[in-house]
Amino acid sequence: MDNRTLTESGPQVNNRAIARLFATVADILEVKGENRFRVLSYRNGAEAIDSMGSELTGIYHDGGVPALIELPGIGKGIAAKIEELITTGRSLFVEELLESTPPGILDILHLAGMGPKKTGSLYRELGIDSIEALEAAAATGKLQTLPGFGEKTEQKILKAIESFKSFSGRNRISIARAVAAGLIEYLKEVSGVTSVEAAGSLRRWRENIGDVDLLAISTEPLAVMEAFTGHPSVATVVMKGSTRSTVVLESGGGGRSSGLQVDLRVLSPDDYGSALVHFTGSKAHNVALRERAKAKGLKVSEYGVFRVTAAGEVAAEGERIAGATEESVYSALGLPFIAPELREDRGEIEAALEGTLPTLVEQSDLRGDLHCHTVWSDGACPIEEMAEAAMALGYDYLAVTDHSRSLTVAHGLDSARLAEQIDKIDVYNEKLRESGKSFRLLKGSEVDILSDGTLDHPDVLLARLDIVVAAVHSGFGMERAKMTARVIAAIESGRVNIIAHPTGRLIGMREPFEIDMEAVLRAAKEHHVAMEVNSYPERLDLNDVHLRLAKELGVKVAISTDAHAADQFVNMEYGVHTARRGWIEPEDVINCLPLEELLRFLGKG
DNA sequence: GCCGTTTTCGGCCCGACTGTTTTCAGTCG
């Protein structure tokens with residue numbers, strides 16, 4: 001939780017550490033009552049750095065401060081601080097700020113219902129500088145002595161502290177999707193409701209979901225709100241109005257909903273498009289849309305697109321020019337429709353203006369799956385069952401890629417068993433051919449990349465395979481340079497087709513290992529090796545930011561499920577949407593290729 | 001602190017809900 005020093009991230013000053021530092025600077029300046037636009041600048045800078053594929057250190061070494069200033073959201077002031085951080089590992093400005101601010105104040109700032117004004121006045125007036133001190137003061141009624149703090153505020157603060165203490169991090173996307181699906185079915189039954197759907201980060205398919213945003217279209221908003229706040233799994237009603245309500249769900253069995261916050265907005269059918277744009281976000285995307293609208297003498301809100309007078313008033317009755325559909329909203333701003341996954345203010349509006357938006361990959365573009373496991377290693381189903389499930393999905397091919405011998409916990413195959421499996425798959429394919437089916441099982445392996453960068457099967461055996469998927473499964477703590485060299489050695493071996501889950505992360509459980517992804521991607525490009533998007537909701541690896549970089553560098557991608565059972569092929573949608581967030585098009589994806597062309601890519605054609 | 005198909009200075013999105021207020025500030029998304 002404490003991100004007050006860069007040194008803990010090691011000598012390498014990486015983007016993530018710099019972004020966190022600037023976000024903290026924004027928080028501190030805000031509590032200090034600094035100009036809110038200056039605060040915004042640091043916050044925007046932090047977000048821009050976080051969504052950057054290339055490391056700032058590299059950009060700085062290649063082009064110095066001028067190259068930094070070229071980056072969106074980075075100006076003279078922030079660039080100078082980045083330079084100082086890169087060259088000296090520290091920033092005097094940041095250190096002075098940190099020293100002047102007790103860390104507990106930032107915890108208070110992040111409590112629900114607390115903002116910079118209240119946090120600042122608590123500190124200045126009562127000297128409250130930690131959650132513990134705040135709790136003690138609230139419990140004894142001390143807070144009510146402050147102007148603007150009443151009894152209800154005190155109770156809300158105590159409640160916020162309670163949920164702060166039990167908070168277990170953001171909910172994984174798969175959990176949030178399941179919760180949202182249940183609520184959507186429930187709300188659809190309410191009288192007057194014509195549609196309910198998930199908006200917010202869920203619709204944008206972010207890998208972590210802070211809260212669930214639902215949008216209902218209804219002519220009877222009050223009935224919807226009654227039903228929503230009365231749902232049996234609601235633990236707390238945070239707020240309830242005629243168009244907007246917020247609840248917190250109970251931590252259900254097995255932590256399924258784990259105190260998830262859900263926002264519901266209800267609007268009328270005429271507002272459907274503008275409401276969906278508004279509630280899908282992201283916030284940064286909406287701000288960019290509204291700035292553009294303003295420059296054109298227009299105003300965008302959840303209620304539509306309006307003409308405004310010079311004084312900023314809505315021009316006149318009937319001056320609403322769009323709002324019924326999302327397309328109409330974008331069109332009124334002179335833009336084509338922008339897919340939800342792209343709406344992060346990462347250049348999508350500029351691309352839309354230039355007509356260079358990508359034609360994003362869709363699940364129906366996929367011809368097969370290139371990573372799965374069977375009972376031969378740690379899978380739950382026999383080869384035949386996995387093959388039949390893949391055929392039922394309409395795939396043309398499926399690669400069987402069981403683990404190699406070093407991964408003993410997964411019953412990895414030794415050379416003899418892999419050879420046996422190869423023969424078995426040959427027989428199976430022959431049977432398919434005889435029965436006139438065009439489906440093909442590809443003989444493969446998910447071979448371990450050992451600590452020294454060598455592969456866990458002998459070359460002669462790997463040469464017999466159609467496809468080799470290589471992955472790191474051990475030694476995650478290896479230092480950055482070594483790990484980079486290890487993976488690049490595998491790429492340069494000439495035996496590998498795909499690098500699987502390239503950072504090894506497990507969302508919310510295990511950090512990605514240290515690796516120079518840009519160097520890995522450049523090597524992959526040079527040696528015609530594809531990078532995997534692993535579709536496990538816990539992995540989503542590569543992530544959106546790395547995929548965008550891969551696309552820019554011209555690296556091919558494989559979207560795979562890594563299924564360990566036939567019912568896990570459905571996870572493919574997570575991989576597809578993550579790829580879409582990385583601006584990936586069908587032509588970038590090797591499993592969008594027909595079998596013959598895929599085999600040529602694999603060097604087997 | 002950032003930024004520029006009105007600007008290198010003067011702007012910097014829009015609206016709902018709550019609580020403590022006699023008309024609005026603070027917070028949130």
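Throughout, a chain's letter reflects where its sequence line sits, starting with A, and its residues are numbered from 1. Below, all heavy atoms of this structure are taken into account, side chains as well, without hydrogens, waters or symmetry copies.
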Across the strands shown, which category fits [X] at heavy-atom distances under 4.0 angstrom: base, sugar-phosphate, nothing?
X      : result
A:Q144 : nothing
A:D263 : sugar-phosphate
A:A288 : nothing
A:T246 : nothing
A:L111 : sugar-phosphate
A:V39  : nothing
A:K81  : sugar-phosphate
A:K117 : sugar-phosphate
A:R36  : nothing
A:N286 : nothing

If we call it a pair only when both distances are under 3.5 Å in a Watson-Crick or G-U wobble match, what pairs with B:dC24? B:dG19
Checking contacts here: which listed nucleotide ([options]) is nearest the side-chain heavy atoms of [X]?
X      : options                : answer
A:T153 : B:dG19, B:dG1, B:dC14  : B:dG19
A:R244 : B:dG19, B:dG1, B:dC28  : B:dC28
A:Y303 : B:dC17, B:dG29, B:dA16 : B:dA16

Output one line per pair: protein atom, nucleotide atom from nucleotides 3-5 of chain B, and distance, for all N/O pairs under 3.5 Å.
residue, atom, partner, partner atom, Å
B:dC3, OP1, A:G73, N, 2.7

Is the NZ or CZ atom of A:R38 both under 6.0 Å from the centre of the six-membered ring of A:F22 and within 45° of that ring's axis? no
Taking A:R548 for its side chain and A:W583 for its backbone only, find out whether a donor-acceptor pair lies under 3.5 Å. no
